[in-house]
Amino acid sequence: MGKFFITTPVYYVNDVPHLGHAYTTIAADTLSRYRRLLGDEVFFLTGTDEHGSKILQAARQKNISPQKLADEMTARFKNLWEKLSISYSDFIRTTDQKHIKVVQNVFSRLHEKGDIYKGKYSGWYCVPCESFWLESQLKDKKFCPECKRETVKLEEDSYFFSLSKYQKPLLDYYNENPDFVLPSTRKNEVVEFVKRGLRDISVTRLNLEWGIPCPVDEQHSIYVWVDALINYISALGYSLEEERFFTFWPADVHLVGKDILKFHAIIWPALLMAIGIKLPGMVFAHGWWMIKGEKMSKSRKNVVEPEWIIDRFGSDYLRYFLLREVPFGEDGNFSPALFVKRVNSDLANDLGNLLNRTLTLVVKHFQAKVPRPGKINAQDDELKGKIDSLPDNLQNFMDRLSFSQAFDSIWEVVRGANLYLDRCAPWRLVKKGETERMGSVLYNVLEIIRILTVVLFPFIPRGAEKMWKQLGMEDILSEQKLKDAVKWGKLPFALEVKKPEPVFPRIKEEDFYEVERET
RNA sequence: GGCGGCGUAGCUCAGCUGGAAAGAGCACACGGCUCAUACCCGUGGAGUCCGGGGUUCGAAUCCCCGCGCCGCUACCA
């Protein structure tokens with residue numbers, strides 16, 4: 001039983017929450033819930049990144065203050081997390097006073113240490129957009145990629161972080177901690193990148209109104225990464241509440257999308273080395289969801305709105321699909337057909353129906369009371385054997401964030417239970433008058449379902465709660481601990497089960513399109 | 001261009017450091033069951049394991065060449 005600190009990125013509030021945000025956050029939530037199930041003290045951090053000229057501009061267009069805009073967007077994120085049953089411990093905003101203070105403290109420390117120095121930043125500046133671009137980003141080598149107008153080469157004062165100093169220490173760290181960056185193919189990319197040499201990075205901007213003031217030079221504001229990344233330690237009170245900070249730091253897992261991996265795997269550890277605190281245990285970069293093989297994007301108008309899906313099908317279906325369909329780390333394809341297929345065959349047909357058919361028999365033949373188990377035979381042992389190996393399997397897969405494989409191991413049990421029911425055929429036993437054996441069989445299946453429910457809770461919390469209630473369990477599901485829960489025989493006999501009602505109703509592809517047409 | 005990865009049943013993919021008759025899920029076909037959310041259970045399929053060469057007693061698994069895909073190659077979160 002230890003502590004477990006997991007984070008999502010702080011999401012940039014220039015965009016409404018989309019499937020990608022939901023994906024990262026669902027994964028983090030599932031991992032958090034799983035660690036709680038193991039008995040760990042979990043700190044699960046998410047939040048929003050609210051500074052920058054993009055936000056300022058968007059706010060101006062709407063004629064509201066940037067803070068107001070950020071407030072609105074943050075509310076949307078929180079609302080989505082509520083709908084998705086996201087059990088975060090803290091929601092950090094980069095506009096929080098605490099965060100601002102910590103960023104400034106960190107900046108000052110870096111400055112004192114000599115890891116930040118004043119230099120000249122030069123780039124291609126678009127006056128109307130008030131933003132700098134790299135030569136590689138320009139359209140036809142001189143036009144702004146956003147507004148297509150001509151840019152000018154501009155040089156201005158800026159403070160730099162000596163990232164280059166950390167090339168060697170970073171390479172050593174990757175070497176000594178092979179699981180620091182995962183999946184391994186991403187790690188290769190990062191290592192290769194660092195090997196080619198690192199340039200110092202500009203960490204302040206002049207004339208950036210909507211940003212954290214630089215503590216050593218009032219004309220400057222702190223630019224993106226030193227602001228955003230520090231959320232991971234500001235939320236814990238770094239430099240403010242040391243005791244609390246050291247309770248949870250270092251982070252065990254930083255979950256990120258593959259697009260921001262390098263910031264987390266290179267700049268972030270370098271910053272931490274510079275201020276002299278421990279490095280996180282793991283940075284895991286997951287993949288993207290594609291539509292018909294294409295990346296989702298607003299311009300392609302193929303964005304999947306997580307809220308539509310949740311409102312129509314419930315949060316569990318989305319959680320289940322995203323974590324089950326594709327190995328975490330790889331890109332996946334999202335389509336109504338795939339979604340419907342996955343959810344129907346696994347949740348409705350295999351799992352939901354297992355509960356349903358079992359409860360029906362108990363209600364019909366045992367007055368809805370959990371029967372008393374009798375003698376155990378070889379078939380029963382085989383069934384129980386499937387539970388014995390489950391915790392270890394889960395542990396192995398969850399340690400590697402292999403959600404899909406974790407599901408595989410759970411579904412082996414689900415299938416095993418359906419098979420056991422068919423083999424034992426209690427509906428035939430009742431005709432033969434073998435009620436005692438029938439009772440045993442049903443008890444065993446109910447017991448399997450009880451354990452499955454506990455194990456599934458981190459993944460599909462709402463459905464698991466419903467299953468728990470139908471079983472008639474009175475303990476609190478969220479307080480169950482895996483170690484105890486998997487012990488055989490914890491289901492009290494004579495417990496009154498509920499009349500079954502489909503927990504995971506089947507859905508149709510048409511339902512999906514109706515939703516999309518409406519909007 | 002450089003570095004890395006991938007190419008296995010109709011589809012999505014497991015097959016790690018070489019060795020039993022090449023696997024899973026889905027789809028499909030046939031059969032069983034009837035407790036159940038038209039569910040569940042069983043059986044089946046002629047797969048050049050991208051192509052070619054090599055190492056080996058033996059390769060999907062190692063080496064070389066070729067073909068076809070894909071990722072990374074920094075300051076946009």
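Because the structure is a prediction, the values reported are computed rather than measured. Throughout, a chain's letter reflects where its sequence line sits, starting with A, and its residues are numbered from 1.
Closest to the side chain of A:Phe193, from the set B:C40, B:A74, B:C35, is B:A74. The side chain of A:Arg428 approaches B:C33 more closely than any other nucleotide in the set B:C40, B:C33, B:C76. Of all nucleotides listed (B:A74, B:U34, B:A77), B:A77 comes nearest to the side chain of A:Ala228. Side-chain proximity of A:Lys341 to the nucleotides B:C26, B:A14, B:C75 is greatest for B:C26.
Using a 4.0 Å cutoff on non-hydrogen atoms, the parts of residues 403-416 of chain A near RNA chain B are A:Arg415, ordered by number.
Side-chain N/O atoms of A:Lys195 include none lying less than 4.0 angstrom from OP1 or OP2 on B:U73. For B:A77, one of the phosphate oxygens OP1 or OP2 lies less than 4.0 angstrom from a side-chain nitrogen or oxygen of A:Tyr223. A:Asn349 has a side-chain polar atom (N or O) that falls below the 4.0 Å cut-off from OP1 or OP2 of B:C40.
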Review item, nucleotides 69-71 of chain B N/O atoms under 3.5 Å of protein N/O:
unit_1	atom_1	unit_2	atom_2	d
B:G71	O2'	A:Arg186	NH1	2.9
B:G71	O2'	A:Glu189	OE2	2.8

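Residues A:Asp71 and A:Arg93 are paired through a salt bridge, judged by an N-O separation under 4.0 Å between the basic side chain and the carboxylate.
Closest-nucleotide positions on RNA chain B for A:Val10 and A:Arg423 were compared, and the one nearer the 5' end corresponds to A:Arg423.
With hydrogens and angles ignored, a donor-acceptor pair under 3.5 angstrom links the side chain of A:Asn353 to the base of B:A36.
Applying the ring pair (Phe, Tyr, Trp, His ring centres under 6.0 Å) criterion to A:Tyr12, with sequence neighbours excluded, gives no partner residue. Qualifying side-chain contact (heavy atoms from CB on, under 4.5 Å) partners for A:Leu491, counting only residues two or more places apart in sequence or in other chains: A:Val370, A:Tyr443, A:Leu446, A:Glu447, A:Arg450, A:Met473, A:Leu495. Remark: A:Asp380 engages A:Ile376, A:Asn377, A:Tyr420, A:Arg437, A:Asn444 in a side-chain contact (heavy atoms from CB on, under 4.5 Å) (not counting sequence neighbours). The side-chain contact (heavy atoms from CB on, under 4.5 Å) search around A:Val203 returns A:Phe107, A:Ile116, A:Tyr159, A:Phe161, A:Ile201, A:Val226, not counting sequence neighbours.
Of the nucleotides present, B:C13 is the one that pairs with B:G23 by Watson-Crick or G-U wobble criteria, both distances under 3.5 Å. Base-pair partner of B:A36: not found among the strands shown (Watson-Crick or G-U wobble, both distances under 3.5 Å).
Side-chain contact, A:Trp427 with A:His365: no donor N or O sits under 3.5 Å from an acceptor N or O.
Pairs of residues two or more places apart, or lying in two chains, that qualify as side chain to side chain donor-acceptor pair (under 3.5 Å) and include a residue from residues 406-415 of chain A are A:Arg324-A:Asp408. For residues 499-508 of chain A, the side chain to side chain donor-acceptor pair (under 3.5 Å) pairs, not counting sequence neighbours, are A:Asn349-A:Arg506. Residue pairs that meet the salt bridge (charged side-chain N to carboxylate O under 4.0 Å, His left out) test with at least one member in residues 353-367 of chain A, sequence neighbours left out, are A:Arg357-A:Asp422.
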